[in-house]
J.: 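Encoded as structure tokens, here's the structure I'll be asking about.
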Amino acid sequence: MNREDGFPQDFIWGCSTSCYQIEGAAKEDGKGISIWDTFAHTPDKVLSNHTGDIACDSYHRWKEDIALLRELNAGAYRFSVSWTRIQPEGKGAPNQKGLDYYSRLVDGLCEAGVEPWLELFHWDLPQALEEKGGWRNRDTAMRFEEYAGIMYDHIGDRVGHWTSMNEPWCAAFLGHLTGIHAPGLKDRSATNRAVHHLLLAHGLALRAFRRSGIKGEYGLVINPSKPRPATLRPEDAEASERASIERTSLWLDPIFGRSYPRVFMDIFGSDMPIEAGDMDIISEPLDFIGVNYYDEEAVRAAPCSAQNPYGFEFVPTYQKKTDMGWEIEPSGLRRILSYIANVWPCKKIYVTENGAAFPDKQDADGIVRDYDRIDYIKGHANACGDAIKQGVPLKGYFLWSLIDNFEWSFGYNRAFGIVAVDRNTLERRPKLSFYYYRDLIAGFGL
Ligand code: IFM
């Protein structure tokens with residue numbers, strides 16, 4: 001029986017965050033240093049030289065975050081675990097205080113009726129592992145399996161939804177090719193090695209999960225993209241397919257047992273450190289795909305060259321942009337969900353992130369009236385409904401983000417939250433979009 005707005009009763013409405021972006025307490029209770037601690041403390045890597053040292057102080061204020069989720073009546077909370085709280089050096093015996101923190105968080109969520117969705121890796125690789133080659137080094141995948149096993153043992157009885165990692169494209173390409181994310185390299189061959197080892201780490205952790213016998217569902221979260229073709233000309237349609245390779249099929253093809261896309265292998269195959277049995281590990285069947293969606297661009301065909309190996313170029317578009325410069329196109333969410341459901345059929349898909357940064361202003365009464373964000377959420381929730389009508393097995397939607405937080409190389413200069421965080425007092429203050437999302441969750445938002 002569906003709700004009045006057409007969504008199934010059991011559709012999950014949640015919120016997402018990640019550890020480095022909200023926790024702070026960067027050196028507390030035995031936590032080790034991650035590559036994001038190092039990167040953010042390197043001058044001029046992050047706008048305004050902001051760091052995650054304090055972030056939203058959720059390490060101490062997690063009860064306030066849970067209270068907000070409860071006020072929303074959110075069905076689930078997707079958070080990530082800081083690997084260096086659990087294994088400060090990325091290997092060996094766990095740090096009990098780190099485990100205790102996540103144990104308290106999970107218990108608090110369960111008591112509040114909010115299902116914990118645990119993500120093992122959201123880019124904050126232990127610095128000690130980076131010093132041994134990070135994701136360029138095959139051993140990091142084995143270390144990830146060990147860390148995952150610790151989490152399964154200590155918290156597996158209370159968490160029903162797990163994801164190995166968030167947006168491995170960002171970890172590989174932004175971290176190793178453009179260098180705008182940690183560890184800040186600009187090296188194509190390092191990027192390709194990182195791609196393979198991230199996927200291997202995912203597969204090893206998933207196999208360990210299956211072996212553990214934990215009852216729960218397991219997925220991988222990607223940020224796929226398939227820019228729409230600028231025109232109906234066949235060459236532009238083909239350019240749109242090629243433009244989607246590195247963000248989409250590079251990850252989903254191997255996960256679905258189809259190995260890496262041929263076009264990618266033709267160009268970069270010699271870099272890929274594939275060993276016997278790897279592709280079987282990577283294609284261990286998962287329970288769901290997590291899709292993070294923010295925008296959609298448009299492309300047309302262009303000549304292939306060493307600088308443009310996939311032969312496409314972006315074209316100007318008319319859409320309004322968010323504060324990130326990302327084009328607002330809700331129907332692109334329906335398109336990417338349908339594309340994935342058709343090409344990589346999976347039992348369940350979740351939108352694990354969707355949201356927008358806008359230059360919020362506090363009115364004299366202290367309230368942020370963020371109608372742009374409300375429109376954004378409403379448009380994308382409608383697109384989710386359309387996708388379901390088209391037969392996409394979409395089972396939930398997670399808003400990015402519960403609270404304003406550390407937006408990576410932009411520091412605190414970009415606000416995605418439905419709750420503002422005062423940078424001086426760290427007080428949480430709901431914006432109007434918070435009350436809109438509460439209505440949406442209750443079935444009155446559309
Ligand atoms: O803040 C990030 C998040 O960590 C990963 N997905 C995109 C968000 C907005 O840029």
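Being a predicted model, the structure only gives us computed values, none of them experimental. Ligands are counted one by one from 1 in listed order, and the atoms in each one are counted from 1 as well. All heavy atoms count here, side chains included; hydrogens, waters and symmetry mates do not. Numbers for residues simply follow the sequence, beginning at 1.
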J.: Heavy-atom contacts under 4.0 Å between N223 and ligand 1: side chain, backbone, both, or neither?
T.: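 Within the 4.0 Å criterion, N223 makes no contact with ligand 1.
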
J.: Between D404 and R423, does any side-chain N to carboxylate O distance fall below 4.0 Å?
T.: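 Salt bridge absent between D404 and R423.
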
J.: Give a yes/no verdict on whether any heavy atom in H122 is under 4.0 Å from an atom of ligand 1.
T.: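 Heavy atoms of H122 do come under 4.0 Å of ligand 1.
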
J.: Do ligand 1 and N405 have nitrogen or oxygen atoms that lie under 3.5 Å from each other?
T.: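 N/O-N/O distance below 3.5 Å does not exist for this pair.
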
J.: Please state which protein non-hydrogen atom is closest to atom 1 (O) of ligand 1 and give its distance, to 0.1 Å?
T.: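 Of every protein heavy atom, E407 OE1, 2.6 Å lies nearest to atom 1 (O) of ligand 1.
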
J.: Can an N or O of W123 be found at a distance shorter than 3.5 Å from an N or O of ligand 1?
T.: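 No: no nitrogen or oxygen of W123 is under 3.5 Å from one in ligand 1.
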
J.: Which atoms of ligand 1 sit under 4.0 Å from any heavy atom of N166?
T.: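 Checking each atom against N166, I get 5 (C).
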
J.: Once you measure the plane-to-plane angle for W83 and F121, does it fall in the parallel (<30°), tilted (30-60°) or perpendicular (>60°) bin?
T.: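 Correct class here is perpendicular.
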
J.: In chain order, what residues pass the salt bridge (charged side-chain N to carboxylate O under 4.0 Å, His left out) check against D323, with sequence neighbours excluded?
T.: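 Residues passing salt bridge (charged side-chain N to carboxylate O under 4.0 Å, His left out) with D323: none at all.
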
J.: What do you reckon, does W326 have a nitrogen or oxygen under 3.5 Å from a nitrogen or oxygen of ligand 1?
T.: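 W326 vs ligand 1: no N/O contact under 3.5 Å.
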
J.: Can you tell which of R414, R429, R369, K431 makes a salt bridge (charged side-chain N to carboxylate O under 4.0 Å, His left out) with D360?
T.: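 One option only clears the test, and that one is K431.
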
J.: Do any nitrogen or oxygen atoms of E167 come within less than 3.5 Å of a nitrogen or oxygen of ligand 1?
T.: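 N/O-N/O distance below 3.5 Å exists for this pair.
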
J.: Give a yes/no verdict on a cation-pi contact between R78 and Y350, requiring under 6.0 Å between NZ or CZ and the six-membered ring centre and an angle within 45° of the axis.
T.: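 Output no; distance or angle outside limits.
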
J.: Counting non-hydrogen protein atoms only, what is the nearest one to atom 8 (C) of ligand 1? Give residue, atom name and distance.
T.: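 The closest heavy atom on the protein side is Y294 OH, 3.4 Å.
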
J.: Checking the side chain of R428 only, and the main-chain atoms of C56 only, is there a donor and an acceptor separated by less than 3.5 Å?
T.: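 Side chain of R428 to backbone of C56: a pair is present.
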
J.: So is E353 polar-close to ligand 1, meaning N/O to N/O under 3.5 Å?
T.: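 E353 vs ligand 1: N/O contact under 3.5 Å present.
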
J.: So that I can tick it off, tell me whether R335 and D386 are bridged by a salt bridge, with the cut-off set at under 4.0 angstrom between side-chain N and carboxylate O.
T.: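 Looking at D386 and R335, the cut-off is not met.
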
